[in-house]
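For reference, the structure is listed below as structure tokens.
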There are 2 protein chains.
Amino acid sequence: MGTDIRTDVLVVGGGIIGLAVAWRTAQRGLSVTVLDPDPGHGANQVAAGMLAPVTELQYGEEPLLRLGIASNTRYADFVAELTEASGGLSTGYRRCGTLAVALDADDRAELREVHAFQQRLGLTTEWLTGRECRRLEPMLAPDVRGGTLVAEDHQVDGRRLGAALVAACERAGVTLHRSRAATLAVTGDRAAGAVAEDGTRIAAGRTVLAAGSWSGELPGLPPEARLPVRPVKGQVLRLRMETVQGPLPMPFLSRNVRAVVRGCHIYVVPRENGELVLGATSEEQGFDTTVTAGGVYELLRDARELLPGITELPLAETNAGLRPGTPDNAPLLGPTALPDLIAATGHYRNGVLLTPVTGDAIAELLTTGSLPPEAAPFTPERFAAHRPVLETSR
Amino acid sequence: MGTDIRTDVLVVGGGIIGLAVAWRTAQRGLSVTVLDPDPGHGANQVAAGMLAPVTELQYGEEPLLRLGIASNTRYADFVAELTEASGGLSTGYRRCGTLAVALDADDRAELREVHAFQQRLGLTTEWLTGRECRRLEPMLAPDVRGGTLVAEDHQVDGRRLGAALVAACERAGVTLHRSRAATLAVTGDRAAGAVAEDGTRIAAGRTVLAAGSWSGELPGLPPEARLPVRPVKGQVLRLRMETVQGPLPMPFLSRNVRAVVRGCHIYVVPRENGELVLGATSEEQGFDTTVTAGGVYELLRDARELLPGITELPLAETNAGLRPGTPDNAPLLGPTALPDLIAATGHYRNGVLLTPVTGDAIAELLTTGSLPPEAAPFTPERFAAHRPVLETSR
């Protein structure tokens, strides 16, 4: 094909993951192009931005926990550098801690076990009684039976993070080509860039697939390189907090709070600007982003049990986004079965958290040829055995 | 004062009530000015537009029922004439019937009593078993125990009704002065028009106060003419219906449905364009129109018990409006304590229903000097005894 843009690295998809990869790679001296119709406006637009890997812990997900902690640890430096690189844009970063609470005896037993597991792994969490939880967060329901506190947890505003990454990319010389990828270009059995829907042909030495939930759908992907990514719909509400009046006026909520309510996981993230983000459903509905009566109902029902006072708060926004899910809930980072095509996708519920570590890891792979150790367990390779055997005519 | 506009009749407030009064009065040959910053955009923007006076019946409200039936009876002709007078604008009028259902034994007993009362008054309603209700509306919950059907009930789209009334007024020569009333003008102990916030002075022979929830707030109103109107907040949801698939595809809902769910009254109005209006809360919150987490939660909770399938439907809009409530839930129609000031307000939950009868009654009063019999019980006079005695220096 003829070529309109020639670049060392083409990143297909300009969500926060693609932009972080582009920014970090450009900082290391490679020429980078991002192909996206609206950079900075991926699933981050819906995300709550809670940075809380320890309380996200599930059994059997220890490598993912370590990746999360690696990213979490560098978050403060990452956003400080990003704010400077973007010309002063805030990301809404805030160190506030996370409180995970249990509402009934079953929840409490489960949270106790998770806490014991955290202790065995050497993680710093503190067990609190229900009364201690309410002393920290007085709006919590009287039913709260106990919880764990991770004092050093923090939060970031996914929307402002996206805007700051766009600005930092532009200042670092990244080309933001505002169109959608029509097809991957493959030359001599290697990835060679992409053709955009606007007709632009982009030739690239390496191509990074960072298209979130759409990463398995890119036309031109050979079957053996197709990534096992599927969209998992999440409905999210945004409320507005008012200051609770009283002898000592205080914010409605001060920390990230998460809970299991009758088996449904919910979280509530209070921002300094008064926004209270409440999420999220997890629905296997394909590429549907409809806000439904049932999704909104369930979120409000569960949040009301956790924080009865939310009924008084204004409901400012209802929204839905698509998380890129994978078979093991962990991201796909690194080489694919197609030479020169690199995955940076499948971050599921952890896209905001894993943005710093993903940007660093893929930039390192692109410049040194190898992934850092914390990212090594997450190459798409791990699903190769499950790939259906396809007949081939060659 | 100097005068910028001179008019036979000034209508303060261009919601659907004020516009209907203006249109009907202009048709009778008087010059009419409507003072409103955004005519056609009052509480009608939130209203469901269910026209169902018989199932709205409450004990002790028989005069109001008769007024509602009088308006209901002329609705088809009213909208037909309005569509022609507006140059062909549709009002979304639709004859669909109303089904009032009971969900538990208590609800059923209450609805049975209301049905018996309706029969005694000679009203045509039919009692249906739960099975018969579900035969009419298959999406109703299996818990529905019975109901009453008013087959001739109908509905109109409050937003389109407002737009059609604006167009009809313009075509009938009504002056729409787009500003807010700053103060009522009083000359020699008679109402004499108003001054607008933009400074325009409007001199009028008669002034009609049709300012909805704000009708008691107009500056310049002498205390003895102040109307006992208060805002009653209503939160309303709009969902989108999809066709229910099956051997015979059918609409999600075909009729207006109302129910009492654990003491909370809800209604669901399916429009031909696929909109499903779900309302409404009743809250004494002053002039607050915030959509709250609790309001949305309660509407969805109750609607889900009535129509479990709504959980799948997209939630398209959340909104809140202010109904002008009065001490007896009935409107204020006719002369006030201030000569030449006429009330057309306080329509509470019945503004859309009572628009035709109010337009006709006030136009008749303005041209003949007397109200028609169905409107006579609703003059503000009836609250004169309750007016606080005020000291006066005269």
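Values below: every heavy atom of this structure, side chains too, minus hydrogens, waters and symmetry copies. All values reported here derive from a predicted model rather than from experimental measurement. In what follows, every chain begins at residue 1, and chains take the letters A, B, ... in the order their sequences are listed.
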(message) Please list all pairs meeting salt bridge (Lys or Arg N to Asp or Glu O under 4.0 Å) that have one or both residues in residues 93-107 of chain A, counting only residues at least two apart or in different chains.
(response) R94(A)-E272(A)
(message) Strictly by ring pair (Phe, Tyr, Trp, His ring centres under 6.0 Å), give each pair with a member in residues 270-293 of chain B just once, sequence neighbours left out.
(response) W214(B)-F287(B)
(request) Pick one of side chain, backbone, both or neither for R301(A), based on which atoms fall under 4.5 Å of a heavy atom in chain B. (result) both
(request) Identify which of V296(A), V291(A), T290(A), L239(A) forms the greatest number of heavy-atom pairs closer than 4.5 Å to chain B. (result) V291(A)
(message) Can you list the residues of residues 309-318 of chain B that sit under 4.5 Å from chain A, counting heavy atoms only?
(response) I310(B), T311(B), E312(B), L313(B), P314(B), L315(B)
(request) Just grab all the side chain to side chain donor-acceptor pair (under 3.5 Å) pairs involving residues 134-148 of chain A, residues at least two apart or on different chains. (result) E137(A)-R255(A)
(message) Nearest 0.5 angstrom please: L237(A) CG to Y297(B) OH, how far?
(response) 13.5 Å
